[in-house]
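Report on the structure given below.
Because only heavy atoms are used, hydrogens play no part in the values below, and waters and symmetry mates are left out as well, while side chains stay in. On a predicted model such as this, the values are computed, not experimentally measured, just so you know. Whatever order the structure lists them in is the order used to number ligands and atoms, beginning at 1.
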Amino acid sequence: MLESLSSGLISLAPYPSLLSYTAVAGFLFLTYAYFVHPFFLSELRAIPPAHPFALTPLWIIYHRYSRLLFSPTAISLRSQALRPIHRAHTKHGPIIRLSPTEISVAGYEAVYRVYVEKGGFAKPDWWATEFMTFGVRNLVSFVGGPGNREHAGRRRDLGGVYAKGFLVNSGTLKDIARVVLERTVRVLESVVDGGDKHGKVEGTGTGTGKGMMDVYTFNGAVNADFASAYLFGTAQSTDFTCEKKARDEYFRHHNAFLNGDQDKSQKWLENLALEKCSHLDVATGLKHATDARVEGAEDAVVYKQLIQRGVHNAHLASELLDHLIAGAEAPRTTLTYLQWELSKNPGLQSRLRAEAQTLIPPSSPSLSADDLRIPDLKALDALPLLSALLTETLRVYTPTPGPQHRVVPPEGTALGGHFVPGGTEVSACFGVLHMNPDVFPEPEAWKPERWLGGGVPEGGDGGTEGGTEEMRRWFWAFNKGARGCVGKDFTVIVMKLIVATMYARYETSVVEDDGMEPSDGFLAHPVGEKLVLKFTRVG
Ligand code: HEM
C-alpha cells in the first residue's frame, strides 16, 4: 500500500513544476501584454485609455458584445458602445485608446484627417463583411482608401444623378413626388377620416383608432417608395405606402438583414433587386422579353445611369439594393424623431405650417389628394425653418452615431498631437461630435432655432444650412469627403417634401411614444420601433 502511494507521488512529481512554469509564463505574458507593453513600449502609450481595462481588448469587447450574451440570435451587427465612448471622451479628452490596437478621435483636425484629407483613410474589412450583397462589393462596402480605384470608379459611374442641381432641375424627382405624395396624402386622409374611403389603401399599420397611425412604419414605406422609384423607375417601384402586406414583408427582411441575417433575409432582398433589374433589362432591350406586360424604364434614373457606364448583373443589383435599403432606413428614423419633436411642440408646428403653406396649399374638404401641388424643389429646399428642423434632428438623433471605422495608413500619422502607427484602427463617433458643448450649447437639447440665422453657404456643407460656420464644420451626419453619403441631397429633398406636405395639411400630437430612446446599433433607431401619432386636418 505504502509502496503504491509512494510510486503514485513519484509519478505526479513533474506536474507541480510544469504547472508552476505555465503559471509563471502566463503571468509574465500578461504583465508584458497588459502592463509593460501598453505603458512603456506601445506607440500609443501617451494616449489615455478610455478605461483601465481598455489597455486590454476586454473593455471594448465587453461593450460591443455583452448584449449578444443575453440575446445571441437577435443581433450580429455589434453594439456601438456610443455612451461609454462619449463618457470617456468627456473625461479624457479628444483622443482615447479603446483597446491596444484601436483609438477614437473627437477633435476636428483629427476627424478631418481621418475622413476627408487626401481622400481619408481606408475602410477596414468590417464594412465588406456587413454590407456586401451577391458576394460583391458596392459603394459602401468597397474597402480601401484614396487608392481604391474601384470605389472612385463607382462614384464616377453614378455621374450627377444624386447631385442637388440635377435633382431639383431635371423634373424626374418632382414627377416621382407627384406619385408617392399622392399616395401619402391618400393614406393620411383615410387615417384622419378613420377609414379607407379611397378603396385602394390596404391599411395604415397600427389600426389604433381614428386619426392615429404608427409613423415609424409609415415613414419607412414612403421613403422606400421614393428611393425605389428613383432607382428602378415608377413602373418597377414599390408601393409600400398603400400596400401593407408587401410593406410588412419587405421590412421584415430589411430589419433582419440589418440585424445581421446574411442568409435568408439577404437572399430575399437580393431576389427582389434581381427581379427588378431583370424587368428593366427587358424593358431597355438588354434581354429578350418573355412577358408582354413589361413597362418602360424611362424614369429608372439610377439603373439607367449605371447600365450606361457598364455596371451589370450582380454589381448593378448590389449597388441598387444598397441604395434602396439606405433610402428607407436612415430617413425613417430621422422623420420619426422630427415628427415626435414637432408633436410635442404645437407652436413650432404652427410656424412650420405657415412656412410650408407658402408653397403647398392646406387641406380642406374640397381639396383631395388628387389636387396635390408639388412645390418647386429649389424653393422647398430653401425654406429656413424646415431646414433647421431637419438639421437639428440629424444632429441630436444622428442615424449613424457610432464609430465609423477606418485604418491608419502604413506610414502612420499624427492625430491629436500623437504619432499613431500604421494599421491602428481609428474612428470618430458622429453622435459624439454632435454633442460638443463648445459648438452646440446645451448639446442634448433639440433646439432647431440654433440653425436659424447665420449665412446659408453655397450648396450647403454636409447637408447643413444656416447656423455658424463652426456649427456646419461640426455637423457630420452624412460624413464628408470622398466617402460622404452619396444620397445626401436626394434624401434631404425627399424628407423635406414629406414633412412639408404632411404639416401643411395636418396637425400631429403624441398618442404613444414608449421606447423612443435611440438604439445602440450602427444604424440607430427608436428602440420601440414605433411612434403612434394622432393626425388632425388643418383648415
Ligand atoms: C437620413 C438619411 C441618411 C443618412 C443620415 C446617411 C448617412 C450616411 C453616412 C454617415 C455615410 C458614410 C459612412 C462612412 O463613413 O463610410 C453614408 C454613406 C453612404 N450613403 Fe447615406 N445616409 C442617408 C441616406 C442615404 C440614401 C437615401 C442613400 C441612397 C442613395 C444613401 C447611400 C449611401 C451610400 C451609397 C454611401 C456610401 C458612400 C461611399 O462610401 O462612397 N444614403 N451615408
Between Tyr162 and ligand 1, which residue portion shows a heavy-atom distance shorter than 4.0 Å: side chain, backbone, both, or neither? side chain
Could you check atom 4 (C) of ligand 1 against the protein and tell me its nearest heavy-atom contact, residue, atom and distance included? Phe478 CE2, 3.4 Å
Would you call the rings of Trp127 and Phe522 parallel, tilted or perpendicular, where under 30° means parallel and over 60° means perpendicular? perpendicular
Shortest protein contact, atom 27 (C) of ligand 1 (heavy atom only): Gly327 CA, 3.4 Å
How does Asp322 reach ligand 1, by side chain, by backbone, by both or by neither, if only non-hydrogen atoms under 4.0 Å count? side chain
Please tell me whether His254 and Phe257 form a close aromatic pair, meaning their ring centres lie under 6.0 Å apart. no
Rounded to the nearest 0.5 Å, the CZ atom of Phe226 sits from the OG1 atom of Thr238 at a distance of 11.0 Å
Could you tell me if the ring centre of Tyr162 sits under 6.0 Å from that of His323? yes
Closest protein heavy atom to atom 29 (C) of ligand 1, given as residue, atom name and distance to 0.1 Å: His323 O, 3.7 Å
Within a distance under 4.0 Å of any heavy atom of Thr491, pick out the atoms of ligand 1 and give their elements. 2 (C), 24 (C), 27 (C)
Close approach of Arg154 to ligand 1, heavy atoms, under 4.0 angstrom: no
Going by the 4.0 angstrom heavy-atom rule, the piece of Lys480 near ligand 1 is neither
Of the protein's non-hydrogen atoms, which lies at the shortest distance from atom 42 (N) of ligand 1, and what is that distance? Cys485 SG, 3.0 Å
Just checking, any donor-acceptor pair under 3.5 angstrom between side chains of Asp281 and Ser278? no
Could you tell me, atom by atom, which parts of ligand 1 come under 4.0 Å of a heavy atom of Thr400? 10 (C)
Quick note on ligand 1: atoms under 4.0 Å from a heavy atom of Thr334 include exactly 1 (C)
Exam field: side chain Arg353 to backbone Tyr503, donor-acceptor pair closer than 3.5 Å: yes
Residue selection (non-hydrogen contact nearest atom 15 (O) of ligand 1) among Val140, Asp489, Asn479: Asn479
Once rounded to the nearest 0.5 Å, what's the spacing between atom CG of Leu380 and atom CD1 of Ile360? 6.5 Å
Under 4.0 Å from one or more heavy atoms of Gly484, ligand 1 contributes atoms 38 (C)
Please state which protein non-hydrogen atom is closest to atom 35 (C) of ligand 1 and give its distance, to 0.1 Å? Val486 CG1, 3.5 Å
Answer with yes or no whether the side chains of Ser141 and Asn138 bring together a donor and an acceptor at under 3.5 Å. yes
Is a donor from one side chain sitting under 3.5 angstrom from an acceptor on the other, for Arg83 and His63? no
Donor-acceptor side-chain pairing of Asn223 and Glu329 below 3.5 angstrom: no
From Lys123, Gln404, Arg155 - option closest to atom 16 (O) of ligand 1 by heavy atom: Lys123
Which word best sums up how the rings of Tyr216 and His525 line up, parallel for under 30°, tilted for 30 to 60°, or perpendicular for over 60°? tilted
Considering non-hydrogen atoms of the protein only, which is the closest contact for atom 7 (C) of ligand 1, and what is the distance? Ala477 O, 3.5 Å
Which residue and heavy atom of the protein sit nearest atom 12 (C) of ligand 1, plus the separation: Arg483 O, 3.6 Å
For Ser387 and Lys496, does a side-chain donor sit closer than 3.5 Å to a side-chain acceptor? yes
Using heavy atoms and a 4.0 Å limit, tell me yes or no: is Trp127 in contact with ligand 1? yes
For atom 31 (C) of ligand 1, what is the closest protein heavy atom, and at what distance to 0.1 Å? Ala326 CB, 3.5 Å
Measuring from atom 14 (C) of ligand 1, which candidate in Arg332, Glu329, Glu319, Arg406 has the nearest non-hydrogen atom? Arg406
Does NZ or CZ of Lys480 lie under 6.0 Å from the centre of the six-membered ring of Trp476, at an angle within 45° of the ring axis? yes
For Met495, atoms of ligand 1 separated by under 4.0 Å from a heavy atom: 1 (C)
